[in-house]
Amino acid sequence: MEVIHAWSAPRSLSTSLMYSFAQRDDTEVLDEPLYAAYLKSTGADRPYRDELLSKMEFDGEKVVKDIIYGPGNKKYRFCKHISKQRLLGLPSELMSEGKHFILIRNPLNILPSFEKVHPLSFAELGLGELVSIYSDLCQMGTPPAIVDADELQQDPEGTLRGLCNDLEIPFQASMLKWEAGPIPEDGLWASWWYKTVHKSTGFSSPSNYPHTFPLKHYDLLEQCLPLYNILRRHVKHKSSLLTSTLTPPSLPVPENAKLFAWVGDEIVPREMAKVSVFDSVVQGGDSVWEGLRIYKGKVFKLEEHLDRMFDSAKALAFNNVPTREEVKEAIFRTLITNGMFDNTHIRLSLTRGKKVTSGMSPAFNRYGCTLIVLAEWKPPVYDNDGGIVLVTATTRRNSPNNLDSKIHHNNLLNNILAKIESNNANVDDAIMLDKDGFVSETNATNIFMVKKGRVLTPRADYCLPGITRATVMELVVKEDFILEERNISLSEFHTADEVWTTGTMGELSPVVKIDGRVIGEEKVGPVTRRLQNAYKKLTDDSGVPIPTYQKNLNTSCV
């Protein structure tokens with residue numbers, strides 16, 4: 001006989017699932033065989049405690065060896081377990097033998113129904129132990145299947161077929177229906193807990209609308225939801241009724257699937273890196289940001305980026321802004337935690353912070369700013385050897401009359417609209433013009449051109465005066481080229497000898513075609529290449545060192 005262990009928190013449709021397996025012609029079921037052992041060991045109170053202890057085996061070792069793994073008459077034995085009943089000291093074969101799966105249910109649905117029989121508590125729900133069971137089975141090399149009760153209600157047949165496939169047992173259609181009323185295998189506690197199941201003849205569809213959640217359970221819900229979500233992420237067979245039909249996307253850099261980000265005042269894993277729906281960046285894009293790049297254990301132009309971020313925050317009248325040292329510490333701690341010391345890009349954001357109620361007014365912001373440090377493994381995002389292609393967008397760059405580009409803000413719809421045009425044209429980026437038709441920048445970068453040995457770049461009236469732009473302008477002079485900053489028309493770019501863009505994410509990116517016009521010889525030009533080399537040398541030689549980088553480097557070499 002093969003034993004199938006179903007682990008769940010209470011009120012998770014576990015009894016309905018037991019009824020489902022009881023309909024199979026090859027399966028016998030046991031209803032919470034460890035219940036008496038749990039009551040005896042913990043002293044937990046139940047209305048039926050004395051009767052249960054007098055009629056049910058409470059020696060945990062005997063339960064496991066003689067009842068759970070005892071002889072039987074059918075091919076499978078289904079054991080319904082409540083997670084908190086897995087006690088310390090039980091025989092190891094309870095977990096190491098048989099097949100295991102976990103049934104989960106959103107605590108929003110569990111909490112309102114549980115206390116009908118017994119007062120609620122975190123320990124009574126056993127969600128912590130349920131996560132522990134999952135972790136222990138994974139460490140044994142037998143990760144259990146996880147079934148979500150909501151999906152079991154939405155799509156009983158599909159969910160049961162997936163579960164049977166995971167358990168390597170044949171699906172039987174009889175699992176979908178049963179007769180109303182109790183079954184002989186019910187525990188003696190059935191009259192307290194199983195009234196709804198006894199009225200059912202199958203997995204009932206969930207109601208369209210939930211009951212009002214009792215606010216007295218709100219704090220407990222906050223404790224339970226993270227544990228449910230840990231397990232929810234590992235549900236393999238998800239009903240199409242409850243999940244997107246889109247194929248999960250692959251990441252540009254797969255290593256970024258597991259990273260840590262700084263949000264607010266703590267470092268959290270990628271899937272937990274979230275801000276409140278009341279945060280100003282959600283409410284209105286009310287935030288400032290910087291892009292930083294890491295080269296060989298150093299943060300390039302860190303001080304310049306922080307200068308601009310604090311200037312932008314001041315221009316937007318942010319209050320309760322973190323100090324410069326606090327921001328640096330968050331950056332360094334995030335990089336060190338991730339082990340990111342090279343070939344890394346940081347998206348550094350500072351929002352106005354969380355609001356006390358939704359709305360536009362900064363008067364609602366009383367919590368202080370929210371700091372976000374998102375570090376990723378990210379090489380330059382453009383082809384800096386073969387070159388990139390641009391088109392000119394119809395979307396014009398913001399005028400300082402409307403939204404001054406000197407403020408490095410997160411309200412980027414103007415740029416995004418231009419980027420949509422470049423995506424539709426299947427090219428890398430889009431040139432944006434100012435209100436008078438002069439070239440301003442691209443949707444993501446500043447832009448330079450070369451004509452007859454002279455290097456030209458647009459005035460920073462409508463564009464962001466980028467830090468990489470300023471760095472390259474210094475290098476142009478240092479490399480003995482003539483630099484001219486002025487209004488430049490689009491036709492001048494069309495007929496340029498060389499064009500390149502600049503930005504932290506892409507560095508110096510040569511442009512080989514604009515609006516179908518070939519630029520120069522359609523390859524990296526000599527001035528561009530010379531400045532690329534000068535820029536690389538600068539990034540190799542300068543930057544703010546990351547604390548402990550040299551220590552980590554020496555350790556990795558041992």
Side-chain angles (χ1 to χ4, degrees), residues 1-40 46-60 62-86 90 94 97-103 105 113 117-118 126 147 149 152-153 156 159-160 163-164 167 169-204:
M1 171 178 286
E2 188 165 33
V3 178
I4 297 171
H5 299 275
W7 297 95
S8 71
R11 316 304 285 172
S12 298
L13 300 186
S14 56
T15 305
S16 295
L17 194 58
M18 181 183 75
Y19 276 38
S20 171
F21 271 83
Q23 307 314 303
R24 296 177 60 98
D25 57 20
D26 57 1
T27 304
E28 62 182 54
V29 299
L30 291 179
D31 191 5
E32 300 182 38
L34 291 166
Y35 203 163
Y38 165 75
L39 292 183
K40 182 70 174 178
R46 294 291 187 274
Y48 41 81
R49 173 186 168 86
D50 292 341
E51 182 183 4
L52 182 62
L53 291 176
S54 67
K55 294 182 179 179
M56 191 173 180
E57 178 60 63
F58 53 76
D59 184 315
K62 289 182 180 180
V63 173
V64 173
K65 294 182 177 180
D66 300 338
I67 298 176
I68 293 176
Y69 288 114
N73 299 317
K74 294 191 176 181
K75 188 174 182 179
Y76 304 109
R77 173 175 289 148
F78 178 93
C79 293
K80 169 195 162 191
H81 299 296
I82 301 302
S83 58
K84 65 192 174 194
Q85 295 171 6
R86 188 184 75 147
L90 291 174
L94 173 66
E97 297 181 10
K99 296 180 177 179
H100 299 259
F101 74 91
I102 290 175
L103 175 66
R105 193 181 188 192
S113 65
V117 176
H118 194 76
V147 176
L152 186 57
Q153 286 186 298
T159 304
L160 288 172
L163 174 60
C164 289
L167 296 173
I169 65 174
F171 169 75
Q172 292 187 5
S174 59
M175 299 174 72
L176 298 171
K177 294 290 182 182
W178 52 83
E179 292 184 4
I183 60 175
E185 295 88 349
D186 282 347
L188 63 83
W189 51 89
S191 59
W192 278 271
W193 293 101
Y194 295 176
K195 292 177 182 178
T196 301
V197 181
H198 289 165
K199 296 176 183 178
S200 69
T201 58
F203 294 101
S204 58

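Keep in mind the model is a prediction, meaning the values are calculated, not measured.
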Review point. Crowded around K55 NZ? As in, over 12 foreign heavy atoms under 6.0 Å?
Key: no

Exercise for review: Using atom types as modelled and distance alone, determine if a side-chain donor or acceptor of S83 lies under 3.5 Å from a backbone N or O of G126.
Suggested key: yes

Point to revise | Contact check, side chains of S174 and D25, non-hydrogen atoms, under 4.5 Å | key: no

Review point. Side chains of D31 and M18: does their closest heavy-atom pair fall under 4.5 Å?
Key: yes

**Study point:** Any residue meeting salt bridge (charged side-chain N to carboxylate O under 4.0 Å, His left out) with E185, in chain and number order, not counting sequence neighbours
**Key:** none

Check your understanding: Can you find a heavy atom in the side chain of W7 that is under 4.5 Å from one in the side chain of R86?
Key -> yes

Check your understanding: At what distance, to the nearest 0.5 angstrom, does NZ of K65 lie from CG of D59?
Key -> 10.0 Å

Point to revise | F203 backbone acceptor or donor facing S16 side chain under 3.5 Å | key: no

Study note, to complete from the structure: E2 meets the salt bridge (charged side-chain N to carboxylate O under 4.0 Å, His left out) criterion, sequence neighbours left out, with K99

Point to revise | Contact summary for L103 and S12, nearest pair of heavy atoms | key: CD2-O, 2.9 Å

**Study point:** Residue from K40, Q85, R46 passing side chain to side chain donor-acceptor pair (under 3.5 Å) with Y35
**Key:** R46

Review point. With sequence neighbours excluded, what pairs up with R77 under the salt bridge (charged side-chain N to carboxylate O under 4.0 Å, His left out) test?
Key: E28

Review point. Looking only at heavy atoms, what is the nearest atom pair of I169 and I4, with distance?
Key: CD1-CD1, 4.1 Å

Exercise for review: Using the test ring-ring contact (aromatic ring centres under 6.0 Å, His included), find all partners of Y69 that sit at least two apart in sequence or belong to another chain.
Suggested key: H5

Exercise for review: Determine the interplanar angle of the F101 and F78 rings, folded into 0 to 90°, and report it as parallel if under 30°, tilted if 30 to 60°, perpendicular if over 60°.
Suggested key: tilted

Exercise for review: Could you pull out the closest heavy-atom pair between C79 and V3, with the gap in Å?
Suggested key: SG-CG1, 3.9 Å

Review point. Just by distance, do the side chain of R105 and the backbone of L13 share a donor-acceptor pair under 3.5 Å?
Key: no

**Study point:** Residue pair T27 / K74, side-chain heavy-atom distance below 4.5 Å
**Key:** no

Check your understanding: Is there a side-chain contact between V147 and L160 (heavy atoms, below 4.5 Å)?
Key -> no

Check your understanding: Any idea which heavy atoms bring L53 and A36 closest together, and the distance?
Key -> CD2-O, 3.5 Å

**Study point:** Test item: side-chain donor near acceptor, W178 and S200, under 3.5 Å
**Key:** yes

Practice item. For residues L34 and I68, determine if any side-chain heavy atom of one lies less than 4.5 Å from a side-chain heavy atom of the other. Key: yes

Exercise for review: Considering non-hydrogen atoms only, spot the tightest contact between P33 and H81 and give its length.
Suggested key: CG-CE1, 3.8 Å

Review point. Sequence neighbours excluded, which residues qualify as ring-ring contact (aromatic ring centres under 6.0 Å, His included) partners of Y76?
Key: none

Point to revise | Set of residues satisfying salt bridge (charged side-chain N to carboxylate O under 4.0 Å, His left out) with respect to R24, sequence neighbours excluded | key: D26

Point to revise | Pair Y194-Y19, side-chain donor/acceptor within less than 3.5 Å | key: no

**Study point:** Nearest-0.5 Å distance that lies between atom CH2 in W189 and atom OG1 in T15
**Key:** 9.5 Å

Check your understanding: Which heavy-atom pair separates H198 from D186 by the least distance, and what is that distance?
Key -> NE2-OD2, 3.0 Å

Review point. Are any non-hydrogen side-chain atoms of I82 and E32 less than 4.5 angstrom apart?
Key: yes

